[in-house]
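Naming convention: chains lettered A, B, ... in sequence-line order (proteins, then strands); numbering from 1 in each chain. Because the structure is a prediction, the values reported are computed rather than measured.
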Protein chains: 2
Amino acid sequence: MTRRRITIKDVSALAGVSVSTVSRVLNASGPISEETRKVVMQAASDLKYQPNPLARGLVKNQLGGVGVLIPWLGGPYFCSFLEGVQDVVRDTPFRMVISSEQAVKEKEAEALAYLLENDADGVIYYGDSLRPEDIAEINPLGKPVVLLGQPVTDSYPCVAIDDEVGAFLATRYLIDNGHRQIAHLTGDAQQHVTASRLSGYRRALDQAGIPFDPHLIVHADYSEQGGYRGLQHLLGRAVDFTALFCGNDQMAIGAYQALREFNKQIPEDVSVVGFDNISFAQYMHPPLTTVQVPIRSMGRVAAQILIGNIEGQEVFPAPLEAELIIRRSVLRR
Amino acid sequence: MTRRRITIKDVSALAGVSVSTVSRVLNASGPISEETRKVVMQAASDLKYQPNPLARGLVKNQLGGVGVLIPWLGGPYFCSFLEGVQDVVRDTPFRMVISSEQAVKEKEAEALAYLLENDADGVIYYGDSLRPEDIAEINPLGKPVVLLGQPVTDSYPCVAIDDEVGAFLATRYLIDNGHRQIAHLTGDAQQHVTASRLSGYRRALDQAGIPFDPHLIVHADYSEQGGYRGLQHLLGRAVDFTALFCGNDQMAIGAYQALREFNKQIPEDVSVVGFDNISFAQYMHPPLTTVQVPIRSMGRVAAQILIGNIEGQEVFPAPLEAELIIRRSVLRR
DNA sequence: GTGAAAGCGCTAACAG
DNA sequence: CTGTTAGCGCTTTCAC
């Protein structure tokens, strides 16, 4: 049963009007008598007519996609972000088109160019390999772009929580619980998120009069594996610490593993705080105290802003807050 | 800088040939002298020409998307599946268009219809709310469909591992380790995957001469939360068991939590085996012994088959195997 | 081997 | 208010 697709012509024929009339009623453009409107609507629904998005896009000069460029498709954090994007895209005529390139700058540039060229009327970019200048170059048509994961700029709308404050909260909580030797397991030093969270950590230390000790900092790569290796490294160094602040939950997962292998009890020997509050965090043993990032909401907001921009409106994001979720991975000393 | 997009006309003008000639060289359709071929290629690359996919799709009657309908976008399992799909879609002119509707039949029907109507030239459907008959009805144009998560049929190509065998392997491993009271925490009884895994569990029991005890079966919903609740339930019943076979790893995560709350040591009091081998499994405490499902490969294979079908070829899937990954959640008695 | 022209399905002037 | 017409950018006959 390879029946031909119903076109606007079929509708116009059945309704006994011209195609432009059909177009007008379907798009509510131009004046239409109530009479013909009804006839056309009837015909359209009788035939189950669905406009061909290609033809429509061709004349309207719209590709119809909301591009999403993220570093990784797998992994709990970015998946939740996508869920948020989809929450809003679902209710629009746009489709979500995803691309992920492991945060490799050249590949991301290519992917972004491809999206803008072939699929999307605007792009949500979560990453910081490509800076606004790079993006401008890739985006000659000046399509809307929304940024996440990099410093807020004027060039493009950005959605972000305050990582510095989140990290400050986490670290201060550890300090308030009597810890003074607090290690920080973090990601690639080049990344903006790394810098922000590190500076929140330092501010909390400063404020409590605790000197900053560079030996307590380990850089890894924000993965479980990275956290595991990073912590092994730290435990190998001859530095004492009673608490560990992890740059994200995935690294905390790896850290737990390394800690266990070194026979360190959590939280008796080492207290741990994470960042993100991925869903696994509450099922860790012990359940992980962490900073909640409203990642799904961030996806929603990003999509709202982008689609608004595509449609020529200015959209102002609702403010998003990071919040400390207290569970059982921190011990008062 | 809102420059106009480069069109085939621009190329033809620069190359000094007609648009049809340009089209011919770019698509390698029809005969072309080596001479003009070079000129056109040069012009195209000078202008960085990219054909408008909408115009091309309109004439070729192709939407350009590979639709993917999955139950959940979040969650480790389906995200890995998407990664596999993207692995192959990336190298084709298709784009990946995702939809997820929490496995609700009516919503999935709507989403599938929408995909087929607006976005996709074929769909990968992971779920079993919609059966082949339902799909046929939704798919009047007879576009290619690839199925996962339901019984293999002739109607559409299916990619699946043998769940029955996987469950058999898991259960037999428990039996080989001296367990005879083996509980099974599983999902919705309606789902095909539930039935297959249950029957593998039963076959292993039968083969070892262990009577099947329905009190040892708990149905939940394949989520961490579900596993947690399900196991609480089971622990509340007055049945003894020394081992637990979980229908998936996410439920095993919840089960660990419930077990701990009831002060049951894993594996000393209760041995646990999962299914899927999601990335967290190895970081659980103790690391979870589980059946590995090559989910990313399944995504790749599904995409290959679908795209092959869209392009009119028949593609035969490489066989995929489930394999038991032994870690530390099972104790020999 | 190449160009002219038709047409994919739709929207948007432009007449009437 | 409605119909006619001209494209959107591309591929594909059909001539030459």
Exercise. Tell me: CG of A/L54 to P of C/dT11, nearest whole Å?
Worked result: 13 Å
For this session: Assign A/P31 to base, sugar-phosphate, or nothing according to its heavy-atom contacts below 4.0 angstrom with the strands shown.
Result: base
Problem set entry | Minimum-distance nucleotide (side-chain atoms of A/T21 versus D/dG3, C/dT2, C/dG3) | D/dG3
Exercise. Is the closest side-chain heavy-atom distance between B/L116 and B/L141 below 4.5 Å?
Worked result: no
Problem set entry | Nearest-angstrom distance from the residue atom CD1 of A/I8 to P of C/dA12 | 11 Å
For this session: Report the distance from atom NZ of B/K9 to atom C1' of D/dT11, rounded to the nearest whole Å.
Result: 15 Å
Exercise. Side chains of A/E117 and B/R5: does their closest heavy-atom pair fall under 4.5 Å?
Worked result: yes
Exercise. Quick one: the side chain of A/S20 and the base of D/dT4, do they pair up donor-acceptor inside 3.5 Å?
Worked result: yes
Problem set entry | Heavy-atom side-chain contact between A/I295 and A/Y126 under 4.5 Å | yes
Exercise. D/dT11 C1' sits how many Å from B/I32 CD1, rounded?
Worked result: 13 Å
Exercise. Mind checking whether B/I124 and B/V159 have side chains closer than 4.5 Å, heavy atoms only?
Worked result: no
Seminar exercise, completed: Ranking C/dC10, C/dG3, C/dC8 by distance to the side chain of A/A55, first place goes to C/dC10
Exercise. Do any side-chain nitrogens or oxygens of A/N27 fall under 4.0 Å of OP1 or OP2 in C/dT11?
Worked result: yes
Exercise. If you check every side-chain atom of B/S23, which of D/dT12, C/dA12, C/dT2 has the closest atom?
Worked result: D/dT12
Exercise. Base, sugar-phosphate, or nothing: which does A/R24 touch, judged by heavy atoms less than 4.0 Å apart?
Worked result: base
For this session: Write down the distance between CG (A/N52) and C1' (C/dT11), rounded to a whole number of angstrom.
Result: 13 Å
For this session: Please report the closest heavy-atom contact between A/L115 and A/S99, naming both atoms and the distance.
Result: CD1-CB, 4.1 Å
Exercise. Within the modelled atom types, does a donor on one side and an acceptor on the other bring the side chain of B/R37 and the base of C/dG1 under 3.5 Å apart?
Worked result: no
Exercise. A/Y49 OH to C/dG9 P: how many Å, rounded?
Worked result: 10 Å
For this session: Name the nucleic acid region contacted by B/L58, choosing base, sugar-phosphate or nothing; use a 4.0 angstrom heavy-atom cut-off, strictly under.
Result: base
For this session: Under 4.0 Å between any heavy atoms, over every strand shown, what does A/T7 touch: base, sugar-phosphate, or nothing? Just pick one.
Result: sugar-phosphate
Problem set entry | Distance, rounded to the nearest Å, where A/L141 contributes CG and D/dG9 contributes P | 12 Å
For this session: When you get a sec, tell me which of C/dT11, D/dT11, C/dC10 is the closest nucleotide to the side chain of B/V19?
Result: D/dT11
Problem set entry | Rounded distance (Å) that lies between atom C1' of D/dG9 and atom CG of A/L63 | 12 Å
Problem set entry | side-chain N/O A/S33 vs D/dC1 OP1/OP2, d < 4.0 Å | no
For this session: Taking only the side-chain nitrogens and oxygens of A/T36, find out if one of them lies under 4.0 Å from OP1 or OP2 of D/dT2.
Result: yes
For this session: Taking only the side-chain nitrogens and oxygens of A/S29, find out if one of them lies under 4.0 Å from OP1 or OP2 of C/dT11.
Result: no
Exercise. Any side-chain heavy atom of B/R56 sitting closer than 4.5 Å to one from B/N27?
Worked result: yes
